[in-house]
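Each chain gets a letter, A, B and so on, in the order the sequences are listed, and its residues count up from 1.
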2 protein chains.
Amino acid sequence: MTPVVPPADDADPPRARGRADAERNRTRVAEAAALVFAEHGLDATVAQVADRARVGNATVYRNYPSKTELLSEVALRWLVDWRTALRAAADAGDVPFREVFLELYARLRGDRLALDLLRAGAIDDEVTAARAEVEALFTASLDAAVADGLVRPGITYADLSVLILGTAGRLSEIGETDPAAWRHVADMIWAGIATG
Amino acid sequence: MTPVVPPADDADPPRARGRADAERNRTRVAEAAALVFAEHGLDATVAQVADRARVGNATVYRNYPSKTELLSEVALRWLVDWRTALRAAADAGDVPFREVFLELYARLRGDRLALDLLRAGAIDDEVTAARAEVEALFTASLDAAVADGLVRPGITYADLSVLILGTAGRLSEIGETDPAAWRHVADMIWAGIATG
DNA sequence: CCGGAACCGGACTAGAGCAATCCGCTTCGA
DNA sequence: TCGAAGCGGATTGCTCTAGTCCGGTTCCGG
């Protein structure tokens, strides 16, 4: 059973194998993908990613078997990050829902992929599962706020989904990137759902 | 100069000329177009309209020179109708802005073309002009409400555009057609923009 | 510094989706 | 009855995109 494969001492760089230039390209592609998907969401094309990375499209496919795979990697990064933040807030216990709410707006601003993910994003099972977790955590936070009398009774996750994803989508659509403008909209929404 | 063309007594049916079956088809196409565009907005295809009218696609093109022309006719119908309503409200003078606001929500529900028109709809100059008029009338109504202290100061047409078009777009996207659900969202938005 | 393996870019393939046209056949109506 | 008006759907021509192929280039161990 003694393996014939290389020593496999992938200690520090978990994926650093093969030629150095190839590794450099892999990084470039990943970084470009993050930017391009943030800008164009699910509509981004592989060619756009390749161009941004200053690389041929074949190089993208050499590192990722399909566009879906690439999308999934970027999507999961966002979802896991947001999930971590939500869990931390839940664990702390004393984070007001308003902050969670505003934080979501801030994370959606300028990130069309994030928006697309929460809107429909059926990329693969892993992403779907992560999204479900994130939604559950957010819902729990909202329900607690309703129970505490911070948010008007009768307001559900479905309602907030329409309000937040709808307005964030529209802001993206018109190319609004000013944080103050986003904040202004968030404040109006908040005024509509908060108690007195 | 005595014209050789037919009597041209197009009194009652302004467009009734040619064979009866052709006229019938023209009507079917127009009706189908209204339904299909309402359902799919600008994304609707000519083939969908033809199928809905139970007609070959060539019949559509026999009556309308291009898809744009067809779209324009349907779009103008909606815009002129809404403009008329807005003018009537303005002339009456005592229509509370809240009613105008709710009426817009009602008119956007189940009509994706209307939504697309207000969101971006650059179909042709006529449509663009009609939309501009409609926006001006709505803005005037909003500004009056702000002046009257019914709507919080600092709320602009741009704000309402994001709130209304965003949420209506999202409701359409998820296929929500229940009037009560739309009304619920409208009420939340209203609570966010109205004074005390 | 050499040679072959690994890697590269971009031309290419395959296929979907669409507006608009063409044309042989059918139906209307004088 | 018969010719013109009208018909449908096959077809064309275009755009756009995911994914593959291949001749040339670059890296790096010996």
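When heavy atoms are screened at a 4.0 angstrom cut-off, B/Ala22 is found touching the sugar-phosphate backbone but no base atom. If you check every strand for non-hydrogen atoms under 4.0 Å, A/Ala20 touches sugar and phosphate atoms only.
Close to C/dC8, at under 4.0 Å from its OP1 or OP2, lies a side-chain N or O of A/Asn25. At the phosphate of D/dT17, neither OP1 nor OP2 sits under 4.0 Å from any side-chain N or O atom of A/Thr45.
Comparing C/dT21, C/dG10, D/dA18 against the side chain of B/Ala58 picks out C/dT21 as the nearest. With distances taken from any side-chain atom of B/Ser66 to the nucleotides C/dC7, D/dC21, C/dA20, the minimum falls on C/dA20. Here C/dC8 is the nucleotide among C/dC8, D/dA18, C/dT21 with the atom lying nearest to any side-chain atom of A/Arg62.
Rounded to whole angstrom, the span from the CD atom of A/Glu23 across to the C1' atom of D/dC27 amounts to 14 Å. Taking atom NE2 of A/His40 as the reference point, atom C1' of D/dT17 lies 15 Å away to the nearest angstrom. Between the CZ atom of B/Arg26 and the P atom of C/dC28 there is a distance of 20 Å, given to the nearest Å. Whole-Å rounding puts the A/Tyr61 OH to D/dA18 P distance at 6 Å. Distance, B/Gln48 CD to C/dC18 P: 7 Å, rounded to whole Å. A straight line from CZ of B/Arg28 to C1' of D/dC7 spans 13 Å, rounded to a whole angstrom. In this structure, A/Lys67 atom NZ and D/dT17 atom P are separated by 8 Å, rounded to whole Å. The CG-P distance, from A/Leu71 to D/dA18, rounds to 10 Å in whole Å.
Using a 4.0 Å cut-off between a side-chain N of Lys or Arg and a carboxylate O of Asp or Glu, A/Asp178 and A/Arg183 do not qualify as a salt bridge. With respect to the salt-bridge test (charged N to carboxylate O, under 4.0 angstrom), the residues B/Glu133 and B/Arg87 qualify.
A donor-acceptor contact closer than 3.5 angstrom is absent between the side chains of A/Thr27 and A/Arg24. B/Tyr105 and B/Thr167 share a donor-acceptor pair across their side chains, judged by distance under 3.5 Å alone.
For B/Asn57 against D/dT11, no side-chain N or O and base N or O form a donor-acceptor pair under 3.5 Å.
Each of B/Pro65 and B/Arg19 has a nearest nucleotide on DNA chain C; the 5'-most of these lies closest to B/Pro65.
A cation-pi arrangement is found for A/Arg26 relative to A/Tyr64, the charged atom lying closer than 6.0 Å to the ring centre and inside a 45° cone about the ring normal.
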